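Reading through the structure tokens given below for one structure.
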Protein chains: 2
Amino acid sequence: MKEIYNLHAEMCKVFSNPIRLEIFNLLRDKEMSVTEIINTSKLSQANISQHLSIMKSKGIVISKRDGKMIYYKLSNPKIIKAFDIIKEVLTERLEKNRKILVGVKA
Amino acid sequence: MKEIYNLHAEMCKVFSNPIRLEIFNLLRDKEMSVTEIINTSKLSQANISQHLSIMKSKGIVISKRDGKMIYYKLSNPKIIKAFDIIKEVLTERLEKNRKILVGVKA
DNA sequence: TTAACATATTAGAATATTCTAATATATAAA
DNA sequence: TTTATATATTAGAATATTCTAATATGTTAA
């Protein structure tokens with residue numbers, strides 16, 4: 001009954017890094033090659049590769065090779081929903097803070 | 001456009017620890033005092049207190065004092081939905097693996 | 001007051017994560 | 001084959017997280 005929390009934590013750990021979140025968001029509606037991810041994210045090749053490796057090992061993404069390129073995509077689109085809920089909670093919170101700062105009534 | 005990923009990652013970091021997930025799950029439908037959490041989770045007082053402090057600082061839980069006791073509850077029930085989606089993805093995955101091991105057809 | 005209870009905080013060792021730089025591997029083109 | 005391109009892996013320093021043990025703080029009851 002306790003082991004599920006370890007697995008759950010391992011999965012959430014994947015999303016506890018801003019670079020991996022950015023990669024996840026890039027892949028949300030299309031698969032991409034590593035080169036494309038590098039170009040759009042402006043991060044180093046080694047770093048992207050390491051993060052993709054972590055995401056793959058936790059089953060968040062899957063990859064396939066096509067010639068020289070390797071393409072990554074999300075393994076389970078359900079996770080997008082979880083991602084979006086968290087983002088929604090955060091943006092609501094930011095909006096609330098903005099209103100307080102600006103002096104707008106709720 | 002990048003700062004949201006840092007906030008998002010900070011929030012997910014809260015869920016990247018099995019003890020905090022256990023506490024979150026205890027609080028999913030009722031508020032609890034620290035003593036109650038200690039008793040049901042069988043973890044040390046200091047450790048629980050530290051984890052609650054982290055959860056509170058990230059806005060996942062809120063607390064109120066009532067006499068000697070301090071009661072914690074979830075700040076935003078929406079997050080339960082995200083928690084459950086991740087859990088669902090994991091249990092589906094475990095079930096698939098079980099079937100493969102046991103030799104059941106999909 | 002003082003004692004007892006509930007909770008928080010601190011210090012520090014053990015462990016884990018992250019980045020950069022360098023190197024390795026796999027594939028395709030020349 | 002060699003060369004160029006795409007991606008992965010490794011090593012290691014810097015940083016962050018986690019736990020335990022000890023101590024501090026706040027509240028109520030005696």
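Basis for what follows: all heavy atoms, side chains included, without hydrogens, waters or symmetry-related copies. Computed from a prediction, not measured in an experiment: that's the story for all the values here. Lettering follows sequence order; numbering is per chain, from 1.
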Protein-nucleotide distance (Leu43(B), atom CG; dT7(C), atom P), rounded to Å | 15 Å
Rounded to whole angstrom units, what separation is found between the CD1 atom of Ile48(B) and the C1' atom of dT9(C)?
-> 16 Å
What about Phe83(A) and Phe24(A), are their ring centers closer than 6.0 Å?
-> yes
Sort out for me which residue in Ile23(A), Leu27(A), Ile79(A), Ile54(A) forms a side chain to side chain contact (heavy atoms under 4.5 Å, CB included) with Ile60(A).
-> Ile79(A)
Roughly, in whole Å, what's the span from CG in Asp66(B) to C1' in dC5(C)?
-> 15 Å
Starting from P on dA26(C), measure out to NZ on Lys64(A) and report it in whole angstrom.
-> 21 Å
Using a strict 4.0 Å threshold on nitrogen-to-oxygen distance, state whether Asp84(A) and Arg28(A) make a salt bridge.
-> yes
In whole Å, what is the span from the CE atom of Met69(B) to the C1' atom of dA8(C)?
-> 15 Å
May I have the distance from Leu52(A) (atom CG) to dA8(D) (atom C1'), rounded to whole angstrom?
-> 11 Å
Taking atom P of dA16(C) as reference, at what distance in whole Å does atom CG of Asn6(A) sit?
-> 13 Å
If you restrict it to nitrogen or oxygen atoms, what contacts under 3.5 Å exist between nucleotides 19-26 of chain D and the protein, and what is each distance?
from	atom 1	to	atom 2	distance (Å)
dC19(D)	OP2	Asn47(B)	OD1	3.1
dC19(D)	OP2	His51(B)	NE2	2.7
dT20(D)	O4	Gln50(B)	NE2	2.9

Mind grabbing the angle between the end helix axes of the helix from dT1(C)-dA30(D) to dA30(C)-dT1(D)? Five pairs an end, 10° rounding.
-> 10°
Using a cut-off of less than 4.0 Å, is there contact between a side-chain N or O of Tyr72(A) and OP1 or OP2 of dA6(D)?
-> no
Close side-chain approach of Lys58(A) to Lys13(A), heavy-atom, < 4.5 Å | no
Using a cut-off of 4.0 Å on non-hydrogen atoms, how would the nucleic acid contact of Tyr71(B) be classed: base, sugar-phosphate, or nothing?
-> nothing
Between P of dA6(C) and CE of Met32(B), the distance in whole Å = 14 Å
